[in-house]
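One structure below.
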Number of protein chains: 2
Amino acid sequence: MGISERKERQKTELRQQILEASQTIVVQDGFAALTMRKIAEAIEYAPATIYLYFENRDEIAKQICIHGYQELLDYLHPVAAISDPRDRLLAIAEAYIRFGMNHAETYRLIFMADPKFTNAILKDAPIDDSGGPGSPAFHVLIKLLDDLKAQDQLAANADSLHFAQVLWTALHGIVSLKLTCSGFLTASAEGLGTTMTHTFLAGLPKNS
Amino acid sequence: MGISERKERQKTELRQQILEASQTIVVQDGFAALTMRKIAEAIEYAPATIYLYFENRDEIAKQICIHGYQELLDYLHPVAAISDPRDRLLAIAEAYIRFGMNHAETYRLIFMADPKFTNAILKDAPIDDSGGPGSPAFHVLIKLLDDLKAQDQLAANADSLHFAQVLWTALHGIVSLKLTCSGFLTASAEGLGTTMTHTFLAGLPKNS
DNA sequence: GTCTATAGGCTGATAGAC
DNA sequence: GTCTATCAGCCTATAGAC
């Protein structure tokens, strides 16, 4: 079995190489710049060879999305463990925004481009509060709202799912607008995030 | 002068026809589908003719952006006149979201695509609180925050510009995420908008 | 397994005839 | 002023040689 195992290993190695080259292209020049010819040039193979490892360009894009989503989870995982839900909210917002700004083109690909890639990641992850197999990243938000509720920071009869969605859109708005119109959002993404979370918790600051 | 005036008029008429055909294409099939050939087919002229009226494709796109931005102003103008700033906030949010959902592809082009188009609209409109020639749409938000401040809904020492940006990103987040991942935002855009504005004003709802 | 060569399509933009 | 014809380039994907 040694020979077929080696072949298998070599196969996955080139597959991995294709993915890494593709990710580099996306990160540097955006998704539109991801072409089979460029990938082929980067890995020093002929374009046709790529089709032995991936069905088409979309399959490569999908894999990059899945990988990027994993990276987002890596950003969220440490802060999701913070016990105080108020602190956790601030940390989650900071981490989400930091991911978006550090991985701009990946964020674009996952959350701002063709929904078919987003769907590829989330399609087995319907957003609900079932605690089931749904999108792990979104469950971090739902759990956050549930824990805020347990501390009377959110009304007991409020819909955690709904408020989690409001929070997600708010954070997404900061990242996406900053990525598209940074010249006209004079505030930093981090500053907007901090204000957003405080306002989310307590509303607009009042005269004291 | 009658002849040259007629010629001038005919020139602007075809120009207008090109723009209208282009807008139809963008609205129906998105910006990526806007090609010179398709425009030519729609107006029943040869592709080369378009270049007598517009320098290139980008100039056409820019004009569509400017027109779309005007439409956004048309949505905002009536509600910007509401005197009570709390009511006005709700109405502005509703109008902004309604514009985004009703003109999805235009919204994409202006706020979710290449920044160069966004810049074309806003470049003479630096976001500040000077009341100068800046972006009219954004001044609606700044004035709103100022008026909330005058009613003690916002602390006197708070930065209206900053909170206006937070509000903008929040509204943009709802529209843009709904346009990209509507399958995973189970709440309606309107519902998210209502919750967002209430939370913006008063924070998460508490047990009463 | 990898290559070359190419089919078959698209694009923006332009030169030059009429 | 408008056309035809075309340049020069891009793309995905595949057939068939090696």
Side-chain angles (χ1 to χ4, degrees), chain A residues 2-26 28-65 105 109 113-114 116-117 120, chain B residues 2-26 28-65 105 109 113-114 116-117 120:
Chain A
I3 288 172
S4 67
E5 277 170 2
R6 173 183 54 79
K7 283 189 176 175
E8 190 60 35
R9 201 167 55 240
Q10 282 177 343
K11 179 126 191 165
T12 62
E13 264 170 25
L14 187 46
R15 206 183 135 91
Q16 197 54 38
Q17 221 180 318
I18 291 169
L19 283 179
E20 280 167 18
S22 302
Q23 212 190 351
T24 303
I25 293 169
V26 169
Q28 283 178 354
D29 301 324
F31 177 56
L34 182 70
T35 69
M36 302 308 258
R37 283 167 159 78
K38 272 190 195 155
I39 300 169
E41 197 181 4
I43 61 172
E44 296 177 306
Y45 277 80
T49 306
I50 300 171
Y51 289 92
L52 300 172
Y53 294 84
F54 292 92
E55 198 188 328
N56 53 30
R57 178 171 171 265
D58 277 6
E59 200 199 324
I60 297 174
K62 212 182 285 183
Q63 289 302 317
I64 293 177
C65 277
E105 292 302 336
L109 180 58
D114 194 325
K116 98 180 133 192
F117 299 122
Chain B
I3 290 172
S4 68
E5 278 169 2
R6 173 183 54 79
K7 283 188 177 174
E8 190 60 35
R9 201 167 56 240
Q10 283 178 342
K11 178 126 192 164
T12 61
E13 264 169 25
L14 188 47
R15 206 183 135 91
Q16 197 54 39
Q17 221 180 317
I18 291 168
L19 284 179
E20 280 166 19
S22 302
Q23 212 191 349
T24 303
I25 293 169
V26 169
Q28 284 179 354
D29 301 326
F31 177 57
L34 182 70
T35 68
M36 303 308 259
R37 283 167 162 79
K38 269 190 198 157
I39 299 169
E41 198 182 3
I43 62 170
E44 295 177 306
Y45 277 79
T49 305
I50 300 172
Y51 290 92
L52 300 172
Y53 295 84
F54 293 91
E55 200 190 327
N56 53 31
R57 178 171 172 266
D58 276 8
E59 201 199 323
I60 297 175
K62 215 183 281 182
Q63 289 302 319
I64 294 177
C65 277
E105 293 301 336
L109 180 57
D114 194 325
K116 99 181 131 190
F117 299 122

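Because only heavy atoms are used, hydrogens play no part in the values below, and waters and symmetry mates are left out as well, while side chains stay in. From a predicted model like this one, the values you see are computed outputs, not experimental measurements. Reminder, nothing fancy here: chain letters follow the sequence lines and each chain counts from 1.
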query: Does any non-hydrogen side-chain atom of A:I50 lie less than 4.5 Å from one of A:I60?
result: yes
Side chain to side chain, A:L14 and A:L52, heavy atoms closer than 4.5 Å: no
Quick one: pull up [atom1] in [X] and [atom2] in [Y] and give me the separation to the nearest 0.5 Å.
X      : Y     : atom1 : atom2 : result
A:I64  : A:K62 : CD1   : NZ    : 13.0 Å
A:E105 : A:T24 : CD    : OG1   : 13.0 Å
B:Q16  : B:R9  : CD    : CZ    : 14.5 Å

Starting at atom [atom1] of [X], determine the distance to atom [atom2] of [N], rounded to an integer number of angstrom.
X     : N      : atom1 : atom2 : value
A:Q17 : C:dT2  : CD    : P     : 11 Å
B:I60 : C:dT11 : CD1   : P     : 14 Å
B:E41 : D:dC3  : CD    : C1'   : 16 Å
A:I39 : D:dC11 : CD1   : P     : 11 Å
A:L52 : C:dC3  : CG    : P     : 9 Å
B:I50 : C:dT11 : CD1   : P     : 12 Å

- prompt: Hey, does B:F54 reach any base, or is it just sugar-phosphate, or nothing, if we go heavy atoms under 4.0 Å?
  reply: nothing
Specify the closest pair of heavy atoms between [X] and [Y], including all atoms of both residues, with the distance to one decimal.
X      : Y     : result
A:A40  : A:A46 : CB-C, 3.8 Å
A:A21  : A:I43 : CB-CG2, 3.8 Å
B:L109 : B:A61 : CD2-O, 4.3 Å

field: Selection residues 38-58 of chain B - residue pairs positive for side chain to side chain donor-acceptor pair (under 3.5 Å), sequence neighbours left out
entry: B:D58-B:K116
task: Sugar-phosphate atoms are those with a prime plus P, OP1 and OP2; base atoms are the rest. Using that split, label each nucleotide of nucleotides 12-18 of chain C B, S or - for protein heavy atoms under 4.0 Å, 5' to 3'.
output: BBBB---
- line: Rounding to the nearest 10°, end axes of the helix from C:dG1-D:dC18 to C:dC18-D:dG1 built from five pairs each make an angle of 20°
message: With a cut-off of less than 4.0 Å, is there a side-chain N or O of B:Y45 near OP1 or OP2 of D:dT4?
response: no
